[in-house]
Amino acid sequence: RQRQMCIRDSITPVVALDASQYVHGLAVAGGVDLVPASVFIHRDVRVGEGEGEVRLSGDAFGAGGRIGVLFKPPSISGLALGFAWRSSVPLRFKGKGDFDVREGTPRSALPPDGTVSTMIILPHSASLGALYEPGSGLSVEVDVDWFHWSSFDELVIELPDGSLSR
């Protein structure tokens, strides 16, 4: 049995600039990502020949940034090209760990209950898009999104006794 839940919000104040006076059809924007997050993990674990269960929960707050560029070429009516980049966001979770064993399994086989922590870095990402509106209310859009998830290798949790769980 395993249950996991991560709740992540993003509060993003943004400032945009119409740069058409420098390059006709150009707009740029930048902002700060404020990211509160909570995580809950509940799973059964094997402990030697016995079984136990682990419940971990924690909260974190991280910050990052983003930029965006929009270009509407004046020579091609109805075309819009956009690019957006979002930085990575480090989240240092700290919370509680509850480790229980089932009947017949020695309690000493699991770490003590107490404070747990981990660090998760949400990867940076980029998006590229094009929109064409030929008229008559029709829009055609193509987007490509890239996330640097390969930067997320493993989740290491510091347990209440100071040991690391990988």
Side-chain angles (χ1 to χ4, degrees), residues 1-46 53-98 115-159 164-166:
R1 174 176 52 158
Q2 181 173 327
R3 265 187 18 221
Q4 300 177 56
M5 179 175 28
C6 182
I7 300 170
R8 180 187 72 90
D9 292 318
S10 185
I11 303 162
T12 308
V14 174
V15 174
L17 171 68
D18 179 357
S20 291
Q21 64 183 6
Y22 306 107
V23 177
H24 192 65
L26 181 66
V28 295
V32 176
D33 285 328
L34 306 173
V35 183
S38 297
V39 67
F40 175 76
I41 299 171
H42 180 192
R43 71 186 308 178
D44 291 341
V45 292
R46 297 285 302 156
E53 67 181 324
V54 176
R55 285 181 299 283
L56 307 173
S57 62
D59 298 304
F61 183 84
R66 66 174 63 202
I67 58 170
V69 178
L70 176 65
F71 181 59
K72 295 180 178 180
S75 59
I76 306 173
S77 178
L79 179 65
L81 305 170
F83 172 78
W85 175 80
R86 182 183 231 172
S87 75
S88 59
V89 176
L91 294 170
R92 185 171 303 282
F93 285 92
K94 189 169 187 176
K96 297 186 182 282
D98 181 27
T115 302
V116 295
S117 63
T118 191
M119 173 73 135
I120 296 174
I121 299 176
L122 300 177
H124 61 271
S125 62
S127 300
L128 188 62
L131 169 74
Y132 183 64
E133 297 176 311
S136 303
L138 177 67
S139 296
V140 178
E141 183 176 348
V142 175
D143 294 312
V144 175
D145 297 317
W146 172 80
F147 296 87
H148 192 222
W149 280 113
S150 62
S151 65
F152 187 81
D153 189 33
E154 65 180 339
L155 179 63
V156 179
I157 300 171
E158 184 176 344
L159 300 171
L164 300 178
S165 170
R166 296 183 187 272

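Predicted model only: the values in this text are computed from it and were never measured.
What you find for Ala29 and Val14 is that their closest heavy atoms are CB-CG1, 3.9 Å. Of all heavy-atom pairs between Asp18 and Leu26, the closest is OD1-O, 3.5 Å. Taking each heavy atom of Asp44 and Glu53 in turn, the nearest pair found is OD1-CB, 3.8 Å. The nearest pair of heavy atoms linking Leu56 to Gly97 is CD2-CA, 3.7 Å.
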Under 3.5 Å, which donor-acceptor pairs link side chains of residues 121-137 to any protein atom two or more places apart or in another chain?
unit_1 : atom_1 : unit_2 : atom_2 : d
Ser127 : OG     : Asp145 : OD1    : 2.7
Glu133 : OE2    : Ser139 : OG     : 3.3

Return all side-chain donor-acceptor pairs below 3.5 angstrom for residues 86-96, not counting sequence neighbours, or 'none' if the list is empty.
unit_1 : atom_1 : unit_2 : atom_2 : d
Arg86  : NE     : Asp33  : OD2    : 3.0
Arg86  : NH2    : Ser10  : OG     : 3.4
Ser87  : OG     : Gly65  : N      : 2.7
Ser87  : OG     : Gly65  : O      : 3.3

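Note that OG of Ser165 and CD of Glu158 are 11.5 Å apart. Values are rounded to the nearest 0.5 Å. For the atom pair OG1 of Thr118 and CD1 of Ile41, the computed distance is 8.0 Å after rounding to the nearest 0.5 Å. Expressed to the nearest 0.5 Å, how far CG of Leu70 lies from CG of Leu81 amounts to 8.0 Å.
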* Check the pair Val15, Leu17 against side-chain contact (heavy atoms from CB on, under 4.5 Å), reporting the backbone distance first and the verdict last. => CA-CA 7 Å; Val15 174; Leu17 171 68; over 6 Å; no
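Residues meeting the side chain to side chain donor-acceptor pair (under 3.5 Å) test with Asp153, sequence neighbours left out: none.
Sparse packing is recorded around NE2 of His24, with 12 or fewer heavy atoms of other residues, nucleotides or ligands lying under 6.0 Å away.
Side-chain contact between Leu155 and Ile120 is present, with heavy atoms from C-beta onward closer than 4.5 Å.
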